[in-house]
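For reference, the structure is listed below as structure tokens.
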Amino acid sequence: MGCGNFFFTLIITFSVALITYNIIISANAPLRQELPGSSSSQGGILLSVDPIIKMPGDRKSALTSKKRMFHTAVTASDSVYNTWQTRVMYYWFKEMKKKGGVGCEMGGFTRILHSGKADKFMDEIPTFVAQPLPAGTDQGYIVLNRPWAFVQWLQQADIKEDYILMSEPDHIIVKPIPNLSRDGLGAAFPFFYIEPKKYESILRKFFPEDKGPITNIDPIGNSPLSLERNLLKRSPPHG
């Protein structure tokens, strides 16, 4: 019994230490306002090259005095756990937006609730209620409600900002976020576990061989992703 308690205490202590370490690192890591892609310096001008869409050689740094506002959108269910996450995220969104001051590019915020009905947090969190997919449509893959909810939001909501940041309830914002997308290029986070090569036979339906090697597909998910609103509207299928 004593050995078990010691092991449990050790695991808890290690987990708390790891979480604390990640928060400290995230809070102190700089958010670079460069163009998406791998960066290089040429004649004192910061350049960036996307592996698929080649950037012009004379492209200057993305730093600019003009504010480019973006709207943060989060898909969520009405579960207790998901709702708690969203409330925490929205709190820190507001705090960091306030901290960013007059130059902050963080615009509005929307919880895209895909339960199909309003809940008691509608007044606390700006919310768009989306309808879930008809029963059986997801074939057991329930997260399909998320992209379907996003399609509804893009089609029906009055979005003021020209850019969208797709986020998730478990993202905690620890500093003001700049708009990292620009000139038709999105900005996203690369995930080591997303490997296009493993699913080449499927991906080639959408990325033919004349586009280049399958590894040209960025290992990113739908979130976090920053993109121009008009480009995002053209991405999903329209029935």
Side-chain angles (χ1 to χ4, degrees), residues 36 52-53 70-79 81-86 89-90 93 107-119 121-122 125-173 177 179-181 184-196 198-208 211 214 216-239:
I52 300 176
I53 307 172
F70 64 87
H71 193 102
T72 300
V74 180
T75 54
S77 70
D78 60 353
S79 70
Y81 180 61
N82 218 204
T83 302
W84 175 82
Q85 286 181 315
T86 311
M89 183 200 177
Y90 183 54
F93 168 88
F109 182 100
T110 299
R111 172 182 64 149
I112 305 175
L113 183 63
H114 51 74
S115 62
K117 57 184 183 296
D119 63 10
F121 298 102
M122 301 288 289
I125 311 170
T127 300
F128 173 87
V129 178
Q131 298 303 311
L133 288 165
T137 305
D138 57 26
Q139 298 183 41
Y141 189 62
I142 59 174
V143 294
L144 278 181
N145 276 316
R146 293 167 60 186
W148 173 231
F150 223 97
V151 169
Q152 295 174 65
W153 178 66
L154 288 170
Q155 291 177 343
Q156 301 173 29
D158 181 19
I159 308 166
K160 305 298 185 184
E161 297 83 357
D162 292 329
Y163 295 84
I164 304 294
L165 172 64
M166 298 174 64
S167 191
E168 294 185 18
D170 60 355
H171 293 169
I172 296 181
I173 302 171
I177 304 175
N179 189 343
L180 298 174
S181 59
L185 289 177
F189 186 83
F191 292 95
F192 69 91
Y193 55 82
I194 295 180
E195 302 177 76
K198 287 186 176 180
Y199 305 97
E200 182 167 2
S201 60
I202 297 174
L203 293 174
R204 282 302 183 192
K205 298 176 183 178
F206 313 97
F207 192 77
K211 296 289 187 181
I214 205 70
N216 273 359
I217 297 178
D218 294 320
I220 62 174
N222 68 293
S223 170
L225 169 67
S226 178
L227 194 64
E228 287 184 30
R229 184 188 68 234
N230 292 334
L231 290 176
L232 195 57
K233 279 188 172 182
R234 298 209 313 257
S235 298
H238 296 81

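What's counted below: heavy atoms across the whole structure, side chains too, no hydrogens, waters or symmetry copies.
Pairing each heavy atom of Pro169 with each of Thr86, the nearest pair is CB-OG1, 3.5 Å. When all heavy atoms of Leu203 and Ile214 are compared, the closest pair comes out as CB-CD1, 3.8 Å. Contact between Leu227 and Ser181 at its shortest, heavy atoms only, is N-OG, 3.9 Å. Of all non-hydrogen atoms in Pro224 and Phe191, the two that sit nearest each other are CD-CZ, 4.1 Å. Between Ser226 and Asn179, the shortest heavy-atom distance links the atoms OG-OD1, 3.6 Å. Nearest heavy atoms, Ser223 versus Met166: OG-O, 3.2 Å.
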I would like to know whether Val74 and His171 meet side chain to side chain contact (heavy atoms under 4.5 Å, CB included); could you show each step before the answer?
-> CA-CA 10 Å; Val74 180; His171 293 169; over 6 Å; no

Where do His114 and Thr75 land on the side chain to side chain contact (heavy atoms under 4.5 Å, CB included) test, with the steps shown first?
-> CA-CA 7 Å; His114 51 74; Thr75 54; 4.2 Å; yes

Could you walk me through whether Thr137 and Leu144 pass the side chain to side chain contact (heavy atoms under 4.5 Å, CB included) check?
-> CA-CA 9 Å; Thr137 305; Leu144 278 181; over 6 Å; no

Test side chain to side chain contact (heavy atoms under 4.5 Å, CB included) on Phe207 and Asn216 and set out the steps.
-> CA-CA 10 Å; Phe207 192 77; Asn216 273 359; 3.9 Å; yes

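Asn222 places a side-chain heavy atom less than 4.5 Å from the side chain of Glu168.
A distance of 9.0 Å separates CG in Leu165 from CG in Leu180, rounded to the nearest 0.5 Å. We find the CD1-CD distance between Ile217 and Glu195 to be 13.0 Å, quoted to the nearest 0.5 Å. If you take CE on Met89 and CD1 on Ile173, they are separated by 4.5 Å, rounding to the nearest 0.5 Å. Distance check, rounded to the nearest 0.5 Å: OG of Ser77 to CG of Leu113 gives 7.5 Å. Between the CZ atom of Arg229 and the NZ atom of Lys160 there is a distance of 10.0 Å, given to the nearest 0.5 Å. How far CZ of Arg234 is from CG of Leu154: 13.0 Å, rounded to the nearest 0.5 Å.
Using a 4.0 Å cut-off between charged side-chain N and carboxylate O, Lys117 and Asp119 make no salt bridge.
Listed for the Asn82 side chain is no donor-acceptor partner under 3.5 Å among the backbone atoms of Ala76. Proximity of a side-chain donor or acceptor of Thr127 to a complementary backbone N or O of Ile125 within less than 3.5 Å is detected. Judged purely by atom type and a 3.5 angstrom limit, Asp78 has no side-chain atom pairing as donor or acceptor with the backbone of Thr83.
Within a 6.0 Å sphere centred on OH of Tyr199, other residues, nucleotides and ligands contribute 12 heavy atoms or fewer.
Checking Thr110 against His71 by side-chain atom types alone, a donor-acceptor pair falls below 3.5 Å.
Note: Trp153 and Phe150 have perpendicular aromatic rings, judged against thresholds of 30 and 60 degrees for the angle between ring planes.
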